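Contents: one structure, followed by commentary.
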Amino acid sequence: MDFNKLSDILFPRIEKTPADYESMFPARGIPGDAKVTRLGPSPTGFIHLGNLYGAFVDERLAHQSGGVFYLRIEDTDDKRYVEGAVDTIIDSLDFFDIHFDEGAGKDGDTGDYGPYYQSSRGPLYQCFVKELVRKGLAYPCFMTEEEIGEIRTSQEAGKETPGIYGSYAQSRGLTLEQVQAALDAGKSYVMRLRSGGDPKDPAEIKVEDGIRGTLTMPENFQDVVILKANGIPTYHFAHACDDHFMRTTHVVRGEEWLSSLPIHVELFEKLGFDLPIYCHTGVLMKLDENGNKRKLSKRKDPELALDFYKEKGYHPQAVREYLLTVLNSNYEEWRTANPDLPCEDFPFTIEKMSTSGALFDLNKLNDVSKDTLVRIPADELAGFLRSWAAEYRPELSDILSDDMLLKILDLGRDGKKPRKDFICASQMFDFI
RNA sequence: GGUCCCAUGGUCAAGUGGUCAAGACGCAGCCCUCUCAAGGCUGAAUCACGAGUUCGACUCUCGUUGGGACUACCA
């Protein structure tokens, strides 16, 4: 098989070489210990507490080290796009005082490592798929959905690992002529990785996780899809290319990604990229009706939506403080010792992060909130209340004068033992 | 089913072979107080289970159980 020829047949329009991209996106000119992190939401417009949790880690890691925190929109699934989602994401995080240094923005991209929408990075992805094909590490797969489905059912019946690998990867051995014929016939196809893993006896791989330490897993042996039939890359492939060329140093993501880590390891290796440092966080949990922990779900748990806190009128700073107590167990101790320092001064470390899913605790949030609000000057708080009321209780905002608001807020706040009545704006106004 | 992750009170957790097993939230009681919110004091409550290693295991190893994630041309 002439892989060079195959790659030209498949990607005739790709002119750039990997080396071109390497020089287009050189290493960032930042100090050696500075961290580059990113938030990579899919543009569904739904941003939840888990996103904020992760974003907070990213933001702290980058800004604490003098690095860069950027926003990349992972819109490789065209079915999911929701209009205006990017603005929502930026605004929501902005409300909680999390700001991006570069990446997708409300008025277009900023930064030298773009474009920051995966949907605009097609040529780059294709260049690297082409390169893999040239090296015999990727191939077009013409199997139909039905064929794959049949293989799966037979695999399940035979208690084998489902998937396309080894001898099940029927398109692996296609000749150039067969590929050409299938192409001429207008058959739809995906691009698959030709995995080097051994399905019968997968080798053990070890990855150092920033939070969890050494992870041991079996190597990948699946010929995973890297380019879908529509030419758009899968998350796995886009992740490898993007985080390499955007020079991400730390990839913070939820533990649900743990099981696809072997795929990423093989992809980075085959592409010749250095692996970033992965930081797999625990997932926020909740106690269900039966007393079991379960992942917060956006349908059943209103407190998962960021808007929940906004509507309730929790001060963003309170939510930040709460998240920090969940994020780093030694934060509360630090806060007690340094009641007046901004929380940015806290030396956040990934090593101190919990590996198991933390349970969301509204009681704790309320308590943290009381303490936080007491530290915020009355006039600032009045401004917060006013803008909150304007949005959620317009009928009230006329009744209260600034003067009155200030007086109410100032009640008993002085002295060594300030009053701590207030938790959130809605509660305050209910009271009034 | 397979693979991987996780396991200290109701919750968040400290702890890395020898501790009376921190601390915080919540809960109960008492004190302070005109009332409430705070604050102070006190209390109930935890190492999932079973083997092993060891003079000694919450800590190390192996099993078991339980919970979770993944197992897509979704991220």
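Computation of the quantities below employed the complete heavy-atom set of this structure, encompassing side-chain atoms and omitting hydrogens, waters and symmetry-equivalent molecules. Below, chain A is the first sequence line, B the second, and so on; all start at residue 1. Predicted model only: the values in this text are computed from it and were never measured.
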> According to the interplanar angle, ranging from 0 to 90°, do the rings of A:Y278 and A:H280 count as parallel (below 30°), tilted (30 to 60°) or perpendicular (above 60°)?
Replying inline: parallel

> Got a sec, which residues hit salt bridge (charged side-chain N to carboxylate O under 4.0 Å, His left out) with A:D367, two or more places apart in sequence or on another chain?
Replying inline: none

> Rounded to whole angstrom units, what separation is found between the CD atom of A:E321 and the P atom of B:C12?
Replying inline: 20 Å

Close N/O contacts between protein and nucleotides 32-36 of chain B (under 3.5 Å):
| unit_1 | atom_1 | unit_2 | atom_2 | d |
| --- | --- | --- | --- | --- |
| B:C36 | O2 | A:R419 | NH2 | 2.5 |
| B:C36 | N3 | A:R419 | NH1 | 3.1 |
| B:C36 | N3 | A:R419 | NH2 | 3.1 |

> With respect to the side chain of A:E256, which nucleotide from B:G1, B:G39, B:C70 is positioned closest?
Replying inline: B:C70

Any side-chain N or O of [X] less than 4.0 Å from the OP1 or OP2 oxygen of [N]?
{"X": "A:R152", "N": "B:U71", "answer": "no"}
{"X": "A:K370", "N": "B:A38", "answer": "yes"}
{"X": "A:K364", "N": "B:G10", "answer": "no"}
{"X": "A:T234", "N": "B:A72", "answer": "no"}

>> More than 12 heavy atoms of other residues, nucleotides or ligands under 6.0 Å from CD of A:E344: yes or no?
In response: yes

>> Testing A:T281, A:I211, A:L327, A:V252 one by one against A:I350 for a side chain to side chain contact (heavy atoms under 4.5 Å, CB included), which residue passes?
In response: A:I211

> Of the residues in residues 205-217 of chain A, which ones touch RNA chain B at a heavy-atom distance under 4.0 Å?
Replying inline: A:R212, A:T216, A:M217

> In whole Å, what separates the P atom of B:A38 from that of B:C27?
Replying inline: 9 Å

> With rounding to whole Å, what would you report as the distance between B:G63 and B:G40 at their C1' atoms?
Replying inline: 49 Å

